[in-house]
Amino acid sequence: MVVVTPRRAVESPSIQRLVAQPHASHHAWRGFVGGHFEGRRVLYAWPDRKRLNEVWNVEADAIAVIEWGVEETAEWLADVNPIQLLPGETIEPSAPARVTLDPLPNRIDGILEHIASMAAGYDSGLKWNEEDMLKADMMNRPDRWVPVTVEQVRAKCRALGMRADDVDTIAGFLQRRKEGRRFNIRSSYRTFQFN
């Protein structure tokens, strides 16, 4: 059993009793990576969105999450579609709903589909070069990205089945551009634009 909490010092008496058991290993968020869950049973206490993203596609035997807030985990639950064990109730994974989204303008659909297909080929999601291509296009073709919202891009990425970290990364890039911020892009991609 692995117990992960925000800090080593935990005020919860029940979690203190659990981590005192000889079969339990207790880890704090700092310096701990979710990939170490393989084949283990995990109790993850009060994870934020970043920590929830770390348990995406890990090969744990079981993961129990003590929620911080329903809003924090609602989108993650929709994306991951896990078995949910609630007091007096078990919610089985649902069949993936067919989401119909309005097409995004300026061939953004094709760009996101390309990025999603590239990211799907890696165990760890987006690589630096796909990120740089996307950032460069946002910098070099701002007119392409003006008519879309961050929420539209996030919905499209989720519909494409992208990892939660990748969805957050892409939506974060667009949010920063809409705030007028610029990106540092490696020289090999500075002038890049999607066709």
Side-chain angles (χ1 to χ4, degrees), residues 33-35 37-38 44 47-60 63 65 67 70-84 91-179 181 183-186 188-195:
V33 179
F37 296 154
E38 193 165 326
Y44 216 127
D48 58 11
R49 175 64 187 218
K50 178 182 182 299
R51 304 297 168 185
L52 284 170
N53 287 348
E54 289 176 358
V55 298
W56 182 280
N57 286 337
V58 297
E59 298 295 326
I63 299 174
V65 174
E67 291 181 305
V70 174
E71 298 80 25
E72 181 78 18
T73 56
E75 183 179 306
W76 186 84
L77 286 170
D79 289 342
V80 176
N81 197 22
I83 297 172
Q84 298 176 58
I91 301 173
E92 294 291 329
S94 58
R98 186 78 176 129
V99 178
T100 305
L101 300 172
D102 292 333
L104 298 178
N106 304 326
R107 301 197 337 234
I108 293 174
D109 280 330
I111 293 169
L112 295 177
E113 288 164 7
H114 171 74
I115 294 292
S117 70
M118 296 301 290
Y122 309 121
D123 289 338
S124 58
L126 284 176
K127 298 290 185 210
W128 68 268
N129 55 327
E130 283 107 22
E131 289 181 7
D132 271 7
M133 287 190 293
L134 198 52
K135 290 188 293 188
D137 193 76
M138 288 179 182
M139 293 283 293
N140 297 324
R141 294 287 311 276
D143 55 307
R144 181 194 316 255
W145 297 91
V146 166
V148 297
T149 66
V150 174
E151 292 74 25
Q152 286 174 306
V153 167
R154 180 179 288 280
K156 178 64 177 183
C157 291
R158 289 179 67 214
L160 291 169
M162 296 180 79
R163 291 173 180 84
D165 269 347
D166 295 342
V167 173
D168 289 348
T169 297
I170 293 168
F173 290 161
L174 185 57
Q175 180 63 46
R176 283 184 287 209
R177 281 303 295 146
K178 290 198 176 282
E179 292 168 357
R181 294 170 56 190
F183 299 118
N184 288 325
I185 302 168
R186 290 168 183 85
S188 55
Y189 288 101
R190 258 185 215 127
T191 60
F192 180 83
Q193 296 179 36
F194 287 101
N195 293 332

All pairs passing ring pair (Phe, Tyr, Trp, His ring centres under 6.0 Å) where residues 148-167 contributes a residue, at least two apart: none

Side chains of Leu134 and Leu126 in contact at under 4.5 Å (non-hydrogen atoms): no

Locate the shortest heavy-atom distance separating Asn140 from Phe192; write the atom from each residue and the value. ND2-O, 2.9 Å

Out of curiosity, Gln84 CD to Glu92 CD, how far, rounded to the nearest 0.5 Å? 10.0 Å

About how many Å separate CG of Asn129 and CE of Met118, when rounded to the nearest 0.5 Å? 6.5 Å

Residues forming a side chain to side chain contact (heavy atoms under 4.5 Å, CB included) with Asp132, sequence neighbours excluded: Trp128, Lys135, Ile185, Arg186, Tyr189

Set of residues satisfying ring-ring contact (aromatic ring centres under 6.0 Å, His included) with respect to Tyr122, sequence neighbours excluded: none

Which distance, rounded to the nearest 0.5 Å, do you find between the CG of Leu112 and the CE of Met162? 7.0 Å

For Val150, give me all partners under side chain to side chain contact (heavy atoms under 4.5 Å, CB included), at least two apart in sequence or on another chain. Ala171, Leu174, Gln175, Lys178

Can you run down the ring pair (Phe, Tyr, Trp, His ring centres under 6.0 Å) pairs that involve residues 136-158, sequence neighbours left out, and say none if there aren't any? none

Sequence neighbours excluded, which residues qualify as salt bridge (Lys or Arg N to Asp or Glu O under 4.0 Å) partners of Arg141? Asp143

Validation row: Cys157, Asp166 side chains within 4.5 angstrom (heavy atoms): no

CD1 (Ile111) and CG (Asn195) are apart, to the nearest 0.5 Å, by 9.5 Å

Would you list the pairs meeting side chain to side chain donor-acceptor pair (under 3.5 Å) in which at least one residue belongs to residues 101-116, sequence neighbours left out? Glu113-Lys156

The side-chain hydrogen bond (donor to acceptor under 3.5 Å, both in side chains) partners of Gln152 (sequence neighbours excluded) come to Thr149

Of all residues at least two apart in sequence or in a different chain, which pass the salt bridge (Lys or Arg N to Asp or Glu O under 4.0 Å) check with Glu179? Arg181

Who are the salt bridge (Lys or Arg N to Asp or Glu O under 4.0 Å) partners of Arg144, not counting sequence neighbours? Asp137

Nearest heavy-atom neighbours spanning Arg163 and Gly125: NH1-CA, 3.4 Å

Looking at side-chain heavy atoms only, is the closest gap between Glu151 and Arg154 below 4.5 Å? no

